[in-house]
Amino acid sequence: GAGVSQTPSNKVTEKGKYVELRCDPISGHTALYWYRQSLGQGPEFLIYFQGTGAADDSGLPNDRFFAVRPEGSVSTLKIQRTERGDSAVYLCASSLASKETQYFGPGTRLLVL
Amino acid sequence: RKEVEQDPGPFNVPEGATVAFNCTYSNSASQSFFWYRQDCRKEPKLLMSVYSSGNEDGRFTAQLNRASQYISLLIRDSKLSDSATYLCVVNLQGSQGNLIFGKGTKLSVKP
């Protein structure tokens with residue numbers, strides 16, 4: 001069956017620009033997670049959705065980062081006024097319910113010049 | 001101190017070797033434990049969960065010592081296809097599933 005998909009696979013932008021990253025979870029998965037992975041590091045948690053609501057956004061680094069999941073399926077991670085330090089791979093994962101096995105998407109590689 | 005710490009690696013081993021990865025975690029409230037595998041420029045994939053009683057899946061054996069807050073992964077008879085980065089992962093008690101990852105240890109199996 002279809003796994004988690006993320007678009008775009010790569011995104012190059014300039015410092016100060018706005019970007020949106022999209023995640024399509026596995027059909028029927030109610031829990032959706034965003035992580036960020038910098039080079040040489042493990043993924044770091046950003047935000048978790050249960051259904052349409054953000055149940056835990058404690059990992060978002062600052063108010064330039066925001067995520068939505070309006071219909072409880074697709075999610076969009078939005079980054080305003082991008083900085084070079086935002087360059088990383090942004091990973092999305094989904095699970096049938098919270099605390100169940102998480103399945104990761106291929107990630108979006110963001111490069112801020 | 002990092003919440004999850006792993007051997008720095010990289011580990012370069014010949015085919016057929018046995019290799020062990022170690023991991024420690026700092027939060028005694030950690031509830032669930034996993035090893036994930038990540039191939040170069042790919043997403044992490046669950047390799048196995050880790051239980052206090054220890055568990056085995058083919059050539060892979062995982063152990064958990066809650067008293068020492070220590071997790072291990074043993075790979076026997078290593079294959080070229082085992083080359084990847086192995087990530088030690090914990091989930092805190094009471095959390096809703098957000099995973100805490102170590103930095104990972106890179107394994108290179110050579111012919």
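Quick caveat, the model's predicted, so the values are computed rather than measured. These numbers come from the heavy atoms of this one structure, side chains and all, not from hydrogens, waters or symmetry mates.
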Do F21(B) and I71(B) belong together in a cluster built from hydrophobic side chains that touch within less than 4.5 Å?
yes
Those residues of residues 35-42 of chain B that come under 4.5 Å of chain A on a heavy-atom basis, listed by number, are Y36(B), Q38(B), R41(B), K42(B)
When clusters are formed by joining ILVMFWY residues with side-chain heavy atoms under 4.5 Å apart, either directly or through shared neighbours, do F34(B) and Y33(A) land in the same one?
yes
Side-chain heavy atoms under 4.5 angstrom apart, residues restricted to Ile, Leu, Val, Met, Phe, Trp, Tyr: same cluster for L60(A) and L110(A)?
yes
One should read off an interatomic distance between E44(A) CD and N98(B) CG, to the nearest 0.5 angstrom, of 12.5 Å
Options G42(A), P43(A), S95(A), S58(A), ranked by heavy-atom pairs under 4.5 Å with chain B, top entry
P43(A)
Tell me whether the count of non-hydrogen atoms from other residues, nucleotides or ligands lying under 6.0 Å of CG in L39(A) goes above 12.
no
Atom CZ of F66(A): over 12 foreign heavy atoms under 6.0 Å:
no
Y70(B): which residues meet the side-chain contact (heavy atoms from CB on, under 4.5 Å) condition with it, sequence neighbours left out?
N22(B), T24(B), N65(B), S68(B), S72(B)
Residues which pass side-chain contact (heavy atoms from CB on, under 4.5 Å) with L74(B), listed by chain and number, not counting sequence neighbours
T18(B), A20(B), T61(B), R76(B)
Single-linkage hydrophobic cluster W34(A)~V89(A), side-chain heavy atoms < 4.5 angstrom:
no
Heavy-atom proximity to chain B below 4.5 Å, by part of Q37(A)
side chain
Pairwise distance OH(Y103(A)) to CG(L46(B)) - rounded to 0.5 angstrom:
7.5 Å
Determine whether I75(B) and L64(B) fall in the same hydrophobic cluster, where Ile, Leu, Val, Met, Phe, Trp and Tyr are linked whenever their side-chain heavy atoms lie under 4.5 Å apart.
yes
Ordered numerically, the heavy-atom neighbours of chain A under 4.5 Å found in residues 99-111 of chain B are L99(B), F101(B), G102(B), K103(B)
Over all heavy atoms of both residues, which pair between P44(B) and L91(A) is shortest? Give the atoms and the distance, please.
CD-CD1, 4.0 Å
